[in-house]
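Before any comments, here is the structure.
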Amino acid sequence: MPEPPLKDPTPLQTNYIPQNIEYREQEIEALRDVFSNESVSQNLFIHGPQGTGKTHVTHLTLQEIDNKCYVDCSKHDTQYKALKQVLQQLTGEKIGDGYHTSDLQRKLVEKTGVLDTVVILDEIDFLLLNDGDDLLYFLTRMETRGQTGLVLISSNHEDLKNKIEERTYSSLQPRRIGFEPYTAEEAFQILLKRAQKALTDQSLQKAALTYITATTQNITAGLYWLKHAAETTNSVITESHTQDVQEQAFEKYAGHLLSHFSEHHRLLYQAVQELDVENNSINTGDIYTRYEELCKTYNENTLSKRRLSDFLKHLELLDLIEAEYHYGGQEGKTRDVKLASL
DNA sequence: CATCCACCGGAAATGTTGGGAC
DNA sequence: GTCCCAACATTTCCGGTGGATG
């Protein structure tokens, strides 16, 4: 009687951080370099596609540093919300709304005091859609006796310089570290290590894993795929089984990316998905019409076009869609949208 | 060279919420 | 409580875009 393949799901979860991260020696070295001997020597800008280990490498390398805080800016996308997050982590106190931003800024200056502090701002692009520039300017100019080191992480832009104002960039002066996508072989080895811990012996066919890592080198997506494949079979994970569950697995991955966004983000994404099946090029107006229909069927109130235009940008930053912008021309000023997939 | 496409995206307006001072 | 203020989500308003077309 064959047993189910999954014995411990933990190593297949995306928040599981292995003790050593492979194929990232140079990047780890570069980070250690900046944070050596207990003092912060420079700000950092880390960029690279999704699922290339940016966040994991940062967490692992800065494990030893006490006075640090980590903010996921896709959840905390304004100066106020990010500052609140930073303060809560540094002090352990709950902070409510209703203060002025300058109050939070003053509190932060007090709390950092003489200590060196590291602030990690992940998914920085979401912050830059709003008043992120002001926050970065404040943090780089903040007058405290200790050093403040910033680590900015982006999945979407290789260059920070043209995303922020010159005065901000010039006081930031970050060192840039780029993460290249893994090769299929590297992705294979990484997922194999995790699979060996999570799955029972002989339960994963080599061809199955080869298929996954040839399709996507995004480790996060690969983990969702592998985990879903393991959960949906009672015997061995075969290549054809991984192919069968490919779409469902991507659906799970997309659900994970959208989990802390609004219901309207999900409806909007569903609208794009549905239209993508029918057409090969979609523009914004059609998407909005389909979104309105979906709102009706799910009994949700519809948000305005302007608002949804911003949400569409969020989906683009998450790499769930690809958009080509036309600023005028025969078709008018619009976006051509395509669904992204594994 | 005027017109048109179709909506981008900035800015101001609106309504809600919570903190602080009285 | 009441008043004022700021942050925030969202709506409303609208000027602007640039290549094709006539």
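Chain naming here is simple, since letters A, B, ... match the order of the sequence lines and numbering starts at 1 in each. For clarity, every value in this text was computed on a predicted model and none was experimentally measured.
Applying the ring-ring contact (aromatic ring centres under 6.0 Å, His included) test to pairs two or more places apart or on separate chains, those with a residue in residues 110-152 of chain A are F126(A)-F261(A), F126(A)-H314(A). For residues 182-212 of chain A, the ring-ring contact (aromatic ring centres under 6.0 Å, His included) pairs, not counting sequence neighbours, are Y211(A)-W225(A). A ring-ring contact (aromatic ring centres under 6.0 Å, His included) check over residues 90-123 of chain A, counting only residues at least two apart or in different chains, returns nothing.
Contacts between residues 122-130 of chain A and DNA chain C, defined by a heavy-atom separation under 4.0 Å, are absent.
Residues satisfying the salt bridge (Lys or Arg N to Asp or Glu O under 4.0 Å) test with E186(A), not counting sequence neighbours, are none. By the ring-ring contact (aromatic ring centres under 6.0 Å, His included) test, Y288(A) is found to be paired with Y291(A), residues two or more places apart in sequence or in another chain being considered. Among residues two or more places apart in sequence or in another chain, the ring-ring contact (aromatic ring centres under 6.0 Å, His included) test is passed with Y224(A) by H256(A). Qualifying ring-ring contact (aromatic ring centres under 6.0 Å, His included) partners for H59(A), counting only residues two or more places apart in sequence or in other chains: Y70(A). In this structure Q270(A) satisfies the side chain to side chain contact (heavy atoms under 4.5 Å, CB included) test together with L267(A), Q273(A), E274(A), L294(A), Y298(A), sequence neighbours excluded. H47(A) is linked by a ring-ring contact (aromatic ring centres under 6.0 Å, His included) to F45(A), counting only residues two or more places apart in sequence or in another chain.
First and last contacting nucleotides of DNA chain B toward chain A (any atom under 4.0 angstrom from a heavy atom, 5' to 3' order): dC5(B) to dG20(B).
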Could you run through nucleotides 6-22 of chain C and give me one letter per nucleotide, 5' to 3': B if any protein heavy atom sits under 4.0 Å from the base, S if only the sugar-phosphate is that close, - if neither? SSSSSBB---BBBBSS-
